[in-house]
Amino acid sequence: MPELPEVENTRRNLVRAGLPGSTITGANITWANTVKKPSAAELAEGLKGRTIQDIERQGKYLILPLSGSGPTNFIIHLGMTGRLQVQPQSQEPDPMTRHSFPLEDGPELRFVDGRKFGKLWLVDSPTEVLPTMSPEPFEDEFTVETLAESFSGRKAPVKALLLEQSTVCGLGNLYADESLFLAGLHPERPASDLSIDEVATLRQAIIDALSAAYGVYDRARDQLWPDPPTALTTWSHPRDIKAACPNCETSMTAIRVQARGTYFCSKCQV
DNA sequence: AGTACGTCCTGATCGC
DNA sequence: TGCGATCAGGACGTAC
């Protein structure tokens, strides 16, 4: 499931594919439920003739500012299985392609989404759509104090709070587990029980987990990086096989936190 | 207000 | 072997 590194990866790949500057000539929407605002028909009509100026990202949301008249922002959330591809119109589309947007210069933008959890909007301002989100984890504004503030007074499991975008935008199930593993924290610890030192350790672990997925984080160089999940230590756990903790070789424990599959080491994470 | 749970979806996997 | 049941989860809505 795409989390911050994968969404950023998608963003860069679209930039590399030349999407900025391309003009959308039409829209084939085959699953209207993914269109949240306005209606699917209005979105399809509203995108026609618009030029994509840039591709931005906030948390897990992709924002495509458009020139021309009409709502100025095409916003996309990939959900769990969403992918965006720029392919020649002559190329056979993936069978799970839900929407396609032909471009003026030949190729088309395709939205492939097996489980249909992705979402689209066409609105004047991202603020109409985007929920309250924390500062980007790589920005200076993502401080220990910010994180501690969002944990304050919260008895919910720390992992549950890590999944809230207002706590750490861009984090999802996999990187939440990974961050807690790197921090040596039990996922079910009540968030407000964490000491300030533990919060500081967790903040750094979040940055480290995401950084590992990026390879070397460097916006300016726009470089390729390895497939992010290979960077995860807690990731490769088939449902019924308990892998060993890479630190102490204890079998990893599988539980559910907030109805999410959760893996941790009962010895290293306390 | 904070917390928990149901809902949307379908491919992959499980179990009889 | 085949087929129905179950699982997976991001974010929102609803209920307590």
Side-chain angles (χ1 to χ4, degrees), chain A residues 1-11 29-37 39-40 57-63 75-84 93-99 111-121 123 126-134 136-137 147-180 187-194 206 209-210 213 228-229 232 234-243 252 254-264:
Chain A
M1 56 299 309
E3 302 181 28
L4 190 150
E6 293 81 15
V7 179
E8 176 65 14
N9 203 356
T10 297
R11 190 192 71 78
I29 306 291
T30 65
W31 186 244
N33 285 7
T34 33
V35 181
K36 296 303 169 186
K37 192 179 179 183
S39 71
R57 180 190 59 75
Q58 278 191 50
K60 300 177 195 173
Y61 292 78
L62 288 166
I63 302 168
I75 300 180
I76 301 170
H77 193 296
L78 300 174
M80 288 182 47
T81 54
R83 286 177 290 140
L84 284 166
D94 186 295
M96 289 186 279
T97 300
R98 307 303 182 193
H99 317 300
F111 186 75
V112 182
D113 184 16
R115 277 152 72 178
K116 299 179 177 175
F117 274 38
K119 298 179 177 70
L120 309 179
W121 299 262
V123 292
T127 58
E128 295 177 49
V129 169
L130 269 50
T132 302
M133 287 192 279
S134 78
E136 289 282 325
L147 196 55
E149 175 65 24
S150 54
F151 289 166
S152 172
R154 303 292 298 272
K155 298 291 184 196
V158 61
K159 176 171 175 182
L161 292 200
L162 289 186
L163 294 174
E164 293 184 9
Q165 301 304 293
S166 55
T167 308
V168 191
C169 76
L171 219 58
N173 197 45
L174 300 186
Y175 292 98
D177 271 9
E178 181 73 2
S179 300
L180 290 165
E188 290 182 304
R189 285 276 299 279
S192 57
D193 283 5
L194 268 60
I206 290 164
L210 295 171
L232 294 168
T234 58
W235 158 242
S236 54
H237 302 299
R239 204 176 295 169
D240 51 356
I241 299 172
K242 288 181 181 170
M252 298 291 281
I255 60 173
R256 296 186 76 76
V257 175
Q258 205 181 255
R260 299 289 178 263
T262 301
Y263 296 90
F264 69 102

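Computed from a predicted structure; not experimentally measured. Convention: sequence-line order gives letters A, B, ...; per-chain numbering from 1.
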**OP:** Indicate yes or no for a side-chain donor-acceptor contact from S192(A) to the backbone of G153(A) under 3.5 Å, with no hydrogens or angles considered.
**Re:** no
Original post:
Between atom CZ of R256(A) and atom OG1 of T262(A), what is the distance when rounded to the nearest 0.5 Å?
Top reply: 7.5 Å
Original post:
To the nearest Å, how far apart are N173(A) CG and dA11(C) P?
Top reply: 11 Å
Original post:
Mapping T262(A) and P131(A) to their closest nucleotides on DNA chain C, which lands nearer the 5' end?
Top reply: T262(A)
Considering only nitrogen or oxygen atoms on both sides, find all protein atoms under 3.5 Å from nucleotides 1-3 of chain B and state each distance.
{"residue": "dT3(B)", "atom": "OP1", "partner": "K155(A)", "partner atom": "N", "Å": "2.5"}
{"residue": "dT3(B)", "atom": "OP1", "partner": "A156(A)", "partner atom": "N", "Å": "3.1"}
{"residue": "dT3(B)", "atom": "OP2", "partner": "R154(A)", "partner atom": "NE", "Å": "2.2"}
{"residue": "dT3(B)", "atom": "OP2", "partner": "R154(A)", "partner atom": "NH2", "Å": "2.9"}

Subject >> Interatomic distance where CE belongs to M80(A) and C1' belongs to dA12(B) [whole Å] >> reply: 12 Å
Original post:
Should K60(A) be listed as having a side-chain N or O under 4.0 Å from OP1 or OP2 of dA11(C)?
Top reply: yes
**OP:** Calculate the interatomic distance between W121(A) atom CH2 and dG10(C) atom C1'; express it in whole Å.
**Re:** 10 Å
Original post:
Counting only side-chain N and O atoms of R256(A), is one of them less than 4.0 Å from OP1 or OP2 of dA8(C)?
Top reply: yes
Subject >> Distance in angstrom units between Y263(A) OH and dC7(C) C1', rounded >> reply: 11 Å
**OP:** Measure from the side-chain N and O atoms of K60(A) to the backbone N and O of L171(A), and report whether any donor-acceptor pair falls under 3.5 Å.
**Re:** yes
Original post:
Checking S166(A) side chain against T132(A) main chain: does a donor-acceptor pair fall under 3.5 Å?
Top reply: no
**OP:** Establish, with yes or no, whether the OP1 or OP2 oxygen of dC5(B) is under 4.0 angstrom from a side-chain nitrogen or oxygen of Q258(A).
**Re:** no
**OP:** Flag yes if more than 12 heavy atoms outside E149(A) fall under 6.0 Å of its CD atom; otherwise flag no.
**Re:** no
Original post:
Under 3.5 Å, side chain of T167(A) to main-chain N/O of S150(A), donor-acceptor pair present?
Top reply: no
Subject >> Side chain E3(A), main chain Y175(A), donor-acceptor under 3.5 Å >> reply: yes
**OP:** Verify, without hydrogens or angle tests, whether E136(A) (side chain) and V168(A) (backbone) share a donor-acceptor contact under 3.5 angstrom.
**Re:** no
**OP:** To the nearest 0.5 Å, tell me how far K119(A) NZ sits from L78(A) CG.
**Re:** 11.0 Å
Original post:
Taking CG from L130(A) and C1' from dC12(C), how many angstroms apart are they, rounded to a whole number?
Top reply: 14 Å
**OP:** Give a yes or no answer on whether the side chain of K36(A) reaches the backbone of N33(A) with a donor-acceptor pair at less than 3.5 Å.
**Re:** yes
Original post:
What's the CD-P distance between Q165(A) and dG9(C), to the nearest Å?
Top reply: 15 Å
Original post:
Can you tell me if the side-chain N/O atoms of H77(A) get under 4.0 Å from OP1 or OP2 in dA11(C)?
Top reply: yes
Subject >> Protein-nucleotide distance (M133(A), atom CE; dA11(C), atom C1'), rounded to Å >> reply: 12 Å
Can you give me the N/O atom pairs linking the protein to nucleotides 6-10 of chain B at distances under 3.5 Å, or say none if there are none?
{"residue": "dC9(B)", "atom": "OP1", "partner": "N33(A)", "partner atom": "ND2", "Å": "2.5"}
{"residue": "dT10(B)", "atom": "OP1", "partner": "K116(A)", "partner atom": "NZ", "Å": "2.5"}

**OP:** Could you tell me whether the side chain of D113(A) and the main chain of F117(A) form a donor-acceptor pair under 3.5 Å?
**Re:** yes
**OP:** Rounded off to whole Å, could you give me the CG-to-P distance for the L163(A) and dA4(B) pair?
**Re:** 13 Å
Original post:
Taking the six-membered ring for Trp, are Y61(A) and H77(A) parallel (under 30°), tilted (30 to 60°) or perpendicular (over 60°)?
Top reply: perpendicular
Subject >> Helix axis bend for the helix from dG2(B)-dC16(C) to dC16(B)-dG2(C) - C1'-based end axes, five pairs, 10° rounding >> reply: 60°
